[in-house]
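Here's the structure we're looking at; comments come further down.
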There are 2 protein chains.
Amino acid sequence: MAKHEKISEAVVRRLPIYLRYLSYLQQVEVTTVSSQQMGKNLDVNPAQIRKDLAAFGDFGKKGIGYDVDYLVEKIREILKLTDEIRVALVGAGHLGHAISNYNAYLKDNMRIAAIFDNNQEKQGKKVAGIPIQPLSELEETIVNKQIKLAIITVPAPAAQSVCDQLTQAGIRGILNFAPTTIRAGKDVRIHYADVTSNLQSLAYYLT
Amino acid sequence: MAKHEKISEAVVRRLPIYLRYLSYLQQVEVTTVSSQQMGKNLDVNPAQIRKDLAAFGDFGKKGIGYDVDYLVEKIREILKLTDEIRVALVGAGHLGHAISNYNAYLKDNMRIAAIFDNNQEKQGKKVAGIPIQPLSELEETIVNKQIKLAIITVPAPAAQSVCDQLTQAGIRGILNFAPTTIRAGKDVRIHYADVTSNLQSLAYYLT
DNA sequence: TAGATTGTTAATCGATTAACAATC
DNA sequence: TAGATTGTTAATCGATTAACAATC
């Protein structure tokens, strides 16, 4: 923030990795860390870490390293995790259930605030305490609850339509588990997390 | 294969995306496709697609484009999807269950061939027809069943230990859903798919 | 033939790494 | 002070894109 360079997607993908390690250091009550130590533990070049962080401000002390608490605070600011971010989940199948129950991102100010599914039998039922709503209520709910991000766990053929409805409702970041490419305007960020593509590219490296 | 350039990870990550689109074209009985058409649908630069494919051989016809069936076959060869690839899943929690039941990669010659979990109550029970085994049987099973890839869906604190056991058993590709960095030798490929990091980096782009 | 599209080279762009002065 | 480590510049490396001859 202190500086105004263009931040590449690669940097933004590393920041949560740094944050995770730093949170771990807080747990084990380590108060200071060097880029070298971080790099060794995360398999990232130390110069890379210093450069990534320096793009947002001078967070370290020469000769000393980084204060863990301070750096955690700063990275959380950069990633906008200071206020709670509410997330919508679309698709209450096996995967949707698993993600809803998965408590890992209840930490760090992220919370699934609404779940949608068009299967009539599911509607009204609760997952992890959150009622499943029909997609007809998607836009209103997203606006009212100030939901900012969405996770798509519907089958591939439905993914594009869901994406359209989400962006229509103002969502600007989507994590897509459906095994299909979806398209949206340039102001919408889409990350892919589908298992098939991931496994297939791993297969390439076999022998 | 026809050529012997170093293939970057970026290319290998795009090949499954191409394959998925080409499979779709097969379904709708389109027999020929140009790099332009592919690029438009997948949000990839057409020159990029041509360069990616040309690194493995001359698959296209000037003035015509690519034969869909032929290109599918070639990409499957490149990704080593011609023979069945067996996958182990470690961690039979919600997420493990969801992935096991998810049939998407039963297609394309991928199959979950074994499931491991150290929870005694789960052992012997079946998920999607596959019995849950204790981790003590991991190495033997992986060797016997010629399992080549693994998916980690255990809690973060257990992930590194599981990774060590997997690599010890000969696994060379791991898809890690646990929200932690894991380390292995350079001959082991690790892809990350954890929800938390993905959502956190999306948060950066919010206004 | 004329139009289309590949494969490939060259140009551009961006990301990573090495090196080191500044300084705690 | 001496040792350590940052922030930053310059060098390197790699990936993307534009352009076009070859050719179907």
Side-chain angles (χ1 to χ4, degrees), chain A residues 1-15 17-18 21-22 25 30-75 78 186 201 204, chain B residues 1-15 17-18 21-22 25 30-75 78 186 201 204:
Chain A
M1 328 283 227
K3 309 190 178 183
H4 290 283
E5 305 172 25
K6 283 161 259 152
I7 304 299
S8 78
E9 179 158 352
V11 178
V12 176
R13 285 198 167 272
R14 281 191 294 268
L15 290 175
I17 311 299
Y18 301 161
Y21 180 62
L22 292 162
L25 290 180
V30 171
T31 57
T32 305
V33 68
S34 69
S35 60
Q36 188 139 114
Q37 189 189 339
M38 286 183 67
K40 211 178 73 180
N41 276 278
L42 302 176
D43 269 337
V44 179
N45 184 299
Q48 175 104 258
I49 295 174
R50 294 201 297 281
K51 198 164 204 283
D52 286 354
L53 296 175
F56 297 100
D58 290 1
F59 300 152
K61 284 202 177 50
K62 291 187 174 69
I64 307 291
Y66 300 90
D67 180 86
V68 173
D69 287 348
Y70 182 70
L71 195 51
V72 163
E73 193 187 316
K74 284 300 167 186
I75 295 181
I78 294 164
K186 294 219 166 174
S201 57
Y204 173 80
Chain B
M1 327 285 225
K3 308 188 180 183
H4 291 281
E5 303 171 27
K6 283 161 261 155
I7 304 299
S8 79
E9 179 157 352
V11 176
V12 177
R13 284 199 170 272
R14 282 191 292 269
L15 290 175
I17 311 300
Y18 301 162
Y21 179 62
L22 292 162
L25 290 181
V30 170
T31 57
T32 304
V33 67
S34 69
S35 59
Q36 187 137 116
Q37 189 190 338
M38 286 183 68
K40 211 178 72 179
N41 276 278
L42 302 176
D43 270 335
V44 179
N45 184 299
Q48 175 106 256
I49 295 174
R50 294 201 297 279
K51 199 163 202 285
D52 287 354
L53 297 175
F56 298 99
D58 290 2
F59 299 152
K61 283 201 177 50
K62 291 186 173 72
I64 307 291
Y66 299 90
D67 180 88
V68 173
D69 287 346
Y70 182 70
L71 195 51
V72 163
E73 193 186 320
K74 285 299 168 188
I75 294 181
I78 294 163
K186 295 218 164 171
S201 58
Y204 173 80

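A note on names: the letters A, B, ... follow the listed sequences, proteins ahead of strands, and every chain is numbered from 1.
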Nearest heavy-atom pair of A/Tyr204 and B/Ile78: which atoms, and what distance? CD1-O, 3.4 Å
Which nucleotide in C/dT17, D/dT8, D/dT16 has an atom nearest any side-chain atom of A/Asp58: D/dT8
Begin with the C-alpha distance, continue with both residues' side-chain angles, and end with the deciding distance and a verdict on side-chain contact (heavy atoms from CB on, under 4.5 Å) for A/Ile75 and A/Leu53. CA-CA 9 Å; A/Ile75 295 181; A/Leu53 296 175; 4.2 Å; yes
Using atom names, set out every protein N or O paired with an N or O of nucleotides 19-22 of chain C below 3.5 Å, distance rounded to 0.1 Å.
unit_1, atom_1, unit_2, atom_2, d
C/dA19, N6, A/Arg50, NH2, 3.2

Quick one: bend of the helix from C/dG3-D/dC24 to C/dC24-D/dG3 from 5 pairs per end, to 10°? 10°
Take the protein atom OH of B/Tyr70 and the nucleotide atom C1' of C/dT6, then report the distance between them rounded to whole Å. 14 Å
Looking at residues at least two apart in the chain, or sitting in another chain, which of them share a side-chain hydrogen bond (donor to acceptor under 3.5 Å, both in side chains) with A/Asn45? none
How long is the line joining CD1 of A/Ile7 and C1' of C/dG14, in whole Å? 13 Å
Whole-Å gap separating C1' (C/dG7) and CG (B/Asp52): 13 Å
I'd like to know if the side chain of B/Asn41 reaches the main chain of B/Gln37, judged simply by a donor and an acceptor atom lying under 3.5 Å from each other, with no hydrogens or angles considered. yes
Using a 4.0 Å cut-off on heavy atoms, which residues in residues 30-45 of chain A reach DNA chain C? List them by number, or say none. A/Asn45
Scanning both residues in full, the closest heavy-atom pair of A/Leu71 with A/Phe59 reads CD1-CD1, 3.7 Å
B/Tyr66 side chain N/O closer than 4.0 Å to the phosphate oxygens (OP1, OP2) of D/dC24? no
Expressed as a whole number of angstroms, how long is the span from A/Arg13:CZ to C/dA15:C1'? 15 Å
For residues 61-71 of chain B, pull every pair meeting salt bridge (charged side-chain N to carboxylate O under 4.0 Å, His left out), keeping only residues two or more places apart or in separate chains. none
Residue A/Lys51, side-chain heavy atoms: nucleotide from C/dC24, C/dT17, C/dA15 that is nearest: C/dT17
State, yes or no, whether a side-chain contact exists between A/Lys74 and A/Phe56 at a heavy-atom distance under 4.5 Å. no
Would you say B/Val68 and B/Thr31 make side-chain contact, with heavy atoms under 4.5 Å? no
side-chain contact (heavy atoms from CB on, under 4.5 Å) against B/Glu73, all qualifying residues, sequence neighbours excluded: B/Glu77
May I have the distance from B/Gln48 (atom CD) to C/dT8 (atom P), rounded to whole angstrom? 16 Å
A/Arg14/A/Val44 under side-chain contact (heavy atoms from CB on, under 4.5 Å): CA gap, chis, key distance, verdict: CA-CA 9 Å; A/Arg14 281 191 294 268; A/Val44 179; 4.1 Å; yes
Can you check side-chain contact (heavy atoms from CB on, under 4.5 Å) on A/Tyr66 and A/Leu22, steps first, answer last? CA-CA 10 Å; A/Tyr66 300 90; A/Leu22 292 162; over 6 Å; no
Below 4.0 angstrom from OP1 or OP2 of C/dA15, is there any side-chain N or O of A/Ser8? yes
What is the distance from NZ of A/Lys61 to C1' of C/dT23, rounded to the nearest Å? 12 Å
Reckon A/Arg14 has a side-chain N or O less than 4.0 Å from the OP1 or OP2 of C/dA15? no
Between D/dT8, C/dC24, C/dG7, which one does the side chain of A/Ile64 approach most closely? C/dC24
Check against side-chain contact (heavy atoms from CB on, under 4.5 Å), B/Ile17 and B/Leu42: CA-CA 8 Å; B/Ile17 311 300; B/Leu42 302 176; 4.1 Å; yes
Using whole Å, report how far CZ of B/Phe59 lies from C1' of C/dT5. 17 Å
Would you kindly give the CD1-to-C1' distance between A/Ile49 and D/dT6, to the nearest whole Å? 13 Å
